[in-house]
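By convention in this document, chain letters (A, B, ...) are assigned in the order of the sequence lines, proteins followed by strands, and residues within each chain are numbered from 1. What you are looking at is a predicted structure, and each value in this text was computed from that prediction instead of being measured.
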Protein chains: 4
Amino acid sequence: MLKSLSKIRASVLEFTEHPRFRNSIMVLLVINAITLGLETSRSLSADVHQLLIFIDMFILMLLVGEVCLRWFAHGMAYFRDPWNMFDFGVTAIALIPSAGPFAVLRAFRILRILRILTVMPRFRRVITAIAASIPGISSIVVVMMVIYYVFAVMATNLFHAQFPDLFGDIGRSMFTLFQVMTLESWASQIARPVMTEHPYAWLYFITFILCTTFVMLNLVIVVLINSMNEATSPRKRRAGDPEDFDPAKLRKRKF
Amino acid sequence: MLKSLSKIRASVLEFTEHPRFRNSIMVLLVINAITLGLETSRSLSADVHQLLIFIDMFILMLLVGEVCLRWFAHGMAYFRDPWNMFDFGVTAIALIPSAGPFAVLRAFRILRILRILTVMPRFRRVITAIAASIPGISSIVVVMMVIYYVFAVMATNLFHAQFPDLFGDIGRSMFTLFQVMTLESWASQIARPVMTEHPYAWLYFITFILCTTFVMLNLVIVVLINSMNEATSPRKRRAGDPEDFDPAKLRKRKF
Amino acid sequence: MLKSLSKIRASVLEFTEHPRFRNSIMVLLVINAITLGLETSRSLSADVHQLLIFIDMFILMLLVGEVCLRWFAHGMAYFRDPWNMFDFGVTAIALIPSAGPFAVLRAFRILRILRILTVMPRFRRVITAIAASIPGISSIVVVMMVIYYVFAVMATNLFHAQFPDLFGDIGRSMFTLFQVMTLESWASQIARPVMTEHPYAWLYFITFILCTTFVMLNLVIVVLINSMNEATSPRKRRAGDPEDFDPAKLRKRKF
Amino acid sequence: MLKSLSKIRASVLEFTEHPRFRNSIMVLLVINAITLGLETSRSLSADVHQLLIFIDMFILMLLVGEVCLRWFAHGMAYFRDPWNMFDFGVTAIALIPSAGPFAVLRAFRILRILRILTVMPRFRRVITAIAASIPGISSIVVVMMVIYYVFAVMATNLFHAQFPDLFGDIGRSMFTLFQVMTLESWASQIARPVMTEHPYAWLYFITFILCTTFVMLNLVIVVLINSMNEATSPRKRRAGDPEDFDPAKLRKRKF
């Protein structure tokens, strides 16, 4: 009995890993991307809108079926792969009942389309490469966030009374400082108005800009050097690379 | 008969490939650039304007002649070279009858001046080098565009009612998100107004900025690493390099 | 007598260098970061506010105790280490009597939280690496500042009469030029208004932008090349690295 | 007679090349930078202002003397060195009679302070290194300028009627396109207003931004790769490096 189940699982796995199966899912996702995009248009007749919703429902059912099939094939090992967890999550969004905050749910259904990036190996590789640069910069990101927090608390204490919209609480201060870091209207709409009340505020803003810019420069350099080392090192295999995936090995490990 | 045609073709080819011929075309293009620039001026007298249009027509005829000569010399192989297709296209624009949307056609004639970049080998090399970095980033560009599309559909669903100018349909949303990606007035004119209606919109905008910035950083790094590999690799020849062009070889291949 | 003092010092040093001691300080700093953040909130009841101030005072006492202990352990050598000077400085801020400009002092207490970055070796390494790139760029920074000063004096002389807010004195001119360098509203709010009075001002602004951008590009490249050399060179030890710290050596040198 | 002149020249040359002489000039320039900065202040009394002008005149005379001395020492070879030409030019500005456009001349006197960067070898090296990256990018700069010109003529033809301030003539169009390239208010104040009249103008602006950004990226990469090659190549000597300057050699070559 257990043996036959294992056999079914193996053949289902083989089926879901087949390139043709993958390509079909890809086509479904592209069609779904188009229908979800068309649904946002307000110039369509009610009939067309109804049709789009029907197509959307139909594709959703197929995608849910695919997730279930692959879940069945892999067993609970399915959730050990972060790609599968992502697939499961973005597909599950659409199944939440649309009572309550309806508009917000309609908006997040589109996240399902991000699966285009996880289905095809070449896009998966790009995302793996981008994600691979994150661990190397975690220390710099923490340094950045501590600097951020210190400057946000300082600005809230110094400027909250006169500028409640910009620096009224820590949340607003952090958003304003993010805006300053992106250099968007930092002088014309933030620093110059603040300087009319606090003439020495330029010290605060220029210190903040120089600090964050220099830390960001170092972050970029770390990402660059890590990428260059990886590009020149002989071992180029990455964990999440589907090219290296061998269903036979998985079966052996499981049963 | 066929032999004599082939001979004429060979000598025409030799003529059009001669550096002096190339330099003459270059001079014509530079003069044409100046006349087309002067034509935009509104302080010129009608006589001068008439003269400029005459010079423009005269140079256009010579350029059309050059395209025809090279087309004759190469035969249909002419259109296999993307540089020739570009030359043909930008020269042909001026021959479209100027009825219909007149002003728009007047505006696109200037594209002909871009041939300055395709006539001289040193500029051709620059463009070849820049174009050579495009295939390496195609996967990242697709990833970028999927992320873009997902965010645009989401913003249209969430914000279209209150902000029809910014997020009224997918087209507007994509333009607005491009503006956000370039960090132009993203907070002062987009995120802050949206946050007055949707207090949690900062999550959307900061996620979008962090995602696109990080993907762009990786895109830059990929272009950089590819350029460095190419610069250090022993084979530096590129396909479109006119220095490597050998008319004799072409003739052999053709006849 | 002197020997027993030296013994006590050695054991105090061992105690303060212990990872568990370091982690306790870290926990205190994180708690203090949270309480100082909460204190900025204006929706808390007076009781909670009182409690936060009490916790803040208590942690401050412990941090002052830690500084004193390490000062005692190291003797006057304590102040030779820039990390210790930083610790001493940011802790001492809180001890200045809060008469006089009260609000400003409240604001700078938060600098104490930057010690999170100096307590943990992995953050110390990040800051050491960032600081290590400063000596290599000192010449470029001086070049930049001379260019800056020359442009600021020139702008003050040329534009001060019509634009007192932007170029009224050297200080204002330098702030405005910093804004121009960050490309924030440089055309719409600075160059275009100035050009209505001085039609050739575009020459000034475009020269300034091209100069500073090109110098900044070279600065980034110098930092990058230095970082790459350091990353590939065999000796990766850095002076301020606490991993290399050996209390035994210090003791020998001192007594 | 000629021999004694040559001897005097040699000793003058030795004198002007002495580090102590160089340092004195440096001190004069720094003092002059301060006095020229103070002269911009409007809160000084007339007496102090008079004193500053006197100091300025005195230092100017010494600097003119230095230029004359070095001119005498080198003979007409003086003008072969671009550094000397720069020194001569910025010093000569102050000698132009201040009739005519007085304010403008007052403003350009400050350029003399840039000599701080040409007197000290370490700053000279920085400028030599920055200038060394210019020849490598000349082709890309020409490509950029052709693209620029084509887009400027096109915009003038398309948009001049409705937007005379932004695209009234080629000069205005080029300034506006420079602003767009720096991404300053490109959407909020340029593209969006234009799009109300020309709905397809987004195509023009996004094409322009993508083109120029990509060309600029390649320019940065070329500068970077050239700098890296120079940094790793064994021969690091540069032509304008004053460390390599040998007065003896110069004398032999001249007489």
Rounded to the nearest 0.5 angstrom, the CG-CZ distance for A:N157 and C:R109 is 7.0 Å
After noting the C-alpha distance and the side-chain angles of A:L183 and C:L183, does the key distance pass the side chain to side chain contact (heavy atoms under 4.5 Å, CB included) rule?
-> CA-CA 8 Å; A:L183 302 174; C:L183 302 174; over 6 Å; no
Output the option from C:D165, C:I190, C:T176 having the highest count of non-hydrogen pairs under 4.5 Å with chain A.
-> C:T176
Could you look at C:Q189 and say if it's the side chain, the backbone, both or neither that has a heavy atom under 4.5 Å from chain A?
-> side chain
Can you tell which part of A:H160 gets under 4.5 Å to a heavy atom of chain C, answering side chain, backbone, both or neither?
-> side chain
Rounding to 0.5 Å, atoms CG (A:L217) and CG (C:L224) come to a distance of 8.5 Å
Toward chain C, the part of A:L210 with a non-hydrogen atom under 4.5 Å = side chain
Going by atom types only, do C:S185 and A:R192 share a side-chain donor-acceptor pair under 3.5 Å?
-> no
Does any heavy atom of chain A fall under 4.5 Å from the side chain of C:V126, the backbone, both, or neither of them?
-> side chain
Enclosure of A:F79 CZ (heavy-atom neighbours >12, cutoff 6.0 Å) = yes
Which atom pair, heavy atoms only, marks the closest approach of C:S227 to A:I221?
-> CB-CG2, 3.6 Å
Before giving the answer on side chain to side chain contact (heavy atoms under 4.5 Å, CB included), spell out for C:R112 and A:V150 the whole-Å C-alpha distance, their side-chain angles and the decisive distance to 0.1 Å.
-> CA-CA 9 Å; C:R112 193 193 304 160; A:V150 166; over 6 Å; no
Go through the atoms of C:L29 and report whether side chain, backbone, both or neither lie under 4.5 Å from a heavy atom of chain A.
-> neither
Is A:F167 close to C:T40 at the side-chain level, that is, under 4.5 Å between some pair of heavy atoms?
-> no
Under 4.5 Å to a heavy atom of chain A? For C:S41 that would be neither
Between A:S138 and C:R122, is any pair of side-chain heavy atoms under 4.5 Å apart?
-> yes
Closest heavy-atom pair, C:F175 versus A:A187, reported as atoms and distance to 0.1 Å, is CE2-CB, 4.4 Å
Taking C-beta and beyond as the side chain, do A:I140 and C:F123 meet within less than 4.5 Å on heavy atoms?
-> no
Please check if atom CE in C:M85 has more than 12 non-hydrogen atoms from other residues, nucleotides or ligands closer than 6.0 Å.
-> no
Calculate, to the nearest 0.5 Å, the distance between atoms OH and CG belonging to A:Y149 and C:L114 respectively.
-> 12.0 Å
Any donor-acceptor pair under 3.5 Å from C:E184 side chain to A:E184 backbone = no
Step-by-step side chain to side chain contact (heavy atoms under 4.5 Å, CB included) determination, C:I110 to A:F151 | CA-CA 8 Å; C:I110 188 71; A:F151 272 90; over 6 Å; no
Kindly indicate whether the side chain of A:F214, heavy atoms from C-beta on, has any atom under 4.5 Å from the side chain of C:I134.
-> yes
C:I116 versus chain A, heavy atoms under 4.5 Å apart: side chain, backbone, both or neither?
-> side chain
CH2 of A:W202 to CE of C:M174, rounded to nearest 0.5 Å, is 9.5 Å
Region of A:N218 in contact with chain C, defined by heavy-atom distances below 4.5 Å | side chain
Is chain A contacted by the side chain of C:L117, its backbone, both, or neither, given a heavy-atom distance below 4.5 Å?
-> side chain
